[in-house]
There are 2 protein chains.
Amino acid sequence: MQETDIIDLMMHHGVKPTANRIMIANAFVKEHRPLSMSEIETQLESVDKSVISRTLALFRERHLVHVLPDGGDGIRYELCHSCSDDHDDDAHIHFYCGRCGKTFCLEDIPIPEVSLPEGYQAESVNYMVTGLCPDCR
Amino acid sequence: MQETDIIDLMMHHGVKPTANRIMIANAFVKEHRPLSMSEIETQLESVDKSVISRTLALFRERHLVHVLPDGGDGIRYELCHSCSDDHDDDAHIHFYCGRCGKTFCLEDIPIPEVSLPEGYQAESVNYMVTGLCPDCR
DNA sequence: CCGGTTGTGCAACTCAGTTGCAAAAGAGTT
DNA sequence: AACTCTTTTGCAACTGAGTTGCACAACCGG
């Protein structure tokens, strides 16, 4: 993805593309995997954590990123590709490596569906496999 | 499950059954769903949070509970039923209600398996559906 | 150039969870 | 029971991730 594409994406979601925001969005493109706030903080030393916090909140509100549970204990943000501007859609499984702590998207693997018991109404599904990634095996 | 069973379970996992620990384990039996630390804190006002913290760490180490991501942003602990004393096993899906914030075990629904790409080595799988529970619909 | 809106950087704050430590409770021995 | 050693408990202090308040800077339309 080019930087111009990112800017387009942000505009399309009603987010003004400032320098900080572009850097943060670029971090997702560069790593190509869901990032935690602290990972972004480490990667972008020059950007204050308050800016990162507020930017992620904004991105989330505008459906530019969505949230998924970290394999460890927190949450991660993933750049939306197929999400519309008012609805999140994230249909692939994720893999959390217990050694390096990274989370990967396995984009080719759709989440298998299940049928819920009477009364439960699903909105979204998260499928997370924990184990060792190719680099850490 | 009777209180004597809980004590047996604890003994079997090498955990000395003190009054506090029995109360904490009972909370899981009573609620019959994964609990967060703060939920336990609320339910057992008389038990100090440091005791809860240390007890959960111990339970976890001895495979009496295992951990799963909270649908929200933290983690929850679930009493192991089928886990051996040195290995966790948790093969059913979970449901997180976005309104009341509770997490439910759907014990009858096994997690559908997927085949991972070359190089990824799975250890455990978590399948979490978010939505509205029967009480909150 | 001006005035209003939006974004930024710093410091202060919050809150869940953890840790240090001394007192209390247990368990085994004589 | 008295003694000693180990484990658990309760309190207070600490920690760290994340958020918020606020003044200043950047931006934008007229």
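The sequence lines fix the lettering, A, B, ..., with proteins before strands; numbering per chain opens at 1.
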(Q) Parallel, tilted or perpendicular, judged at 30° and 60°: which one describes the rings of B/Phe104 and B/Phe95? (A)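 Correct class here is tilted.
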Q. Should the ring pair B/Tyr127 and A/Tyr127 be called parallel, tilted or perpendicular, given that the plane angle runs from 0 to 90° and is split at 30 and 60?
A.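 Answer is perpendicular, since the angle exceeds 60°.
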In whole angstrom, what separates [X]'s [atom1] from [N]'s [atom2]?
X	N	atom1	atom2	answer
A/Asp70	D/dG18	CG	C1'	15 Å
B/Ile75	C/dT18	CD1	C1'	13 Å
A/Glu61	C/dG7	CD	P	11 Å
A/Met37	D/dT20	CE	C1'	12 Å
B/Arg62	D/dT8	CZ	C1'	13 Å
B/Lys49	D/dT15	NZ	P	15 Å
B/Asp73	C/dG17	CG	P	9 Å
B/Met11	C/dA27	CE	C1'	13 Å

**Q.** Base C/dG9 to side chain A/Arg54, donor-acceptor N/O within 3.5 Å cut-off
**A.**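 Side chain to base: pair present.
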Q | Carboxylate-amine/guanidinium proximity below 4.0 Å for A/Arg76 and A/Glu39 | A |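 A salt bridge links A/Arg76 with A/Glu39.
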Q) Can you tell me if the side-chain N/O atoms of A/Ser53 get under 4.0 Å from OP1 or OP2 in D/dT19? A)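 Looking at the OP1 and OP2 atoms of D/dT19, one of them is under 4.0 Å from a side-chain N or O of A/Ser53.
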Q) Can you check whether B/Ser50 has a side-chain N or O nearer than 4.0 Å to OP1 or OP2 of C/dT18? A)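 So the side chain of B/Ser50 is outside the cut-off, no N or O lying under 4.0 Å from OP1 or OP2 of C/dT18.
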Q: Map A/Asp48 and A/Arg21 onto DNA chain C by nearest heavy atom, then report which one ends up closer to the 5' terminus.
A: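 Nearest-nucleotide comparison on DNA chain C picks A/Arg21.
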Any side-chain donor near an acceptor of the partner, [X] and [Y], under 3.5 Å:
X	Y	result
A/Glu107	A/His94	no
B/Glu78	B/His92	yes
B/Thr18	B/Asn20	no

Q: Would you indicate whether the side-chain heavy atoms of B/Pro134 and A/Gln121 approach each other to under 4.5 Å?
A: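 No, side chains not in contact.
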Under 3.5 Å, which N/O atoms of the protein pair with N/O atoms of nucleotides 25-30 of chain D?
none

Q: Could you say whether A/Gly74 or B/Thr55 is positioned toward the 5' end of DNA chain D, judged by the nucleotide with the nearest heavy atom to each?
A: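 The 5'-side residue here is B/Thr55.
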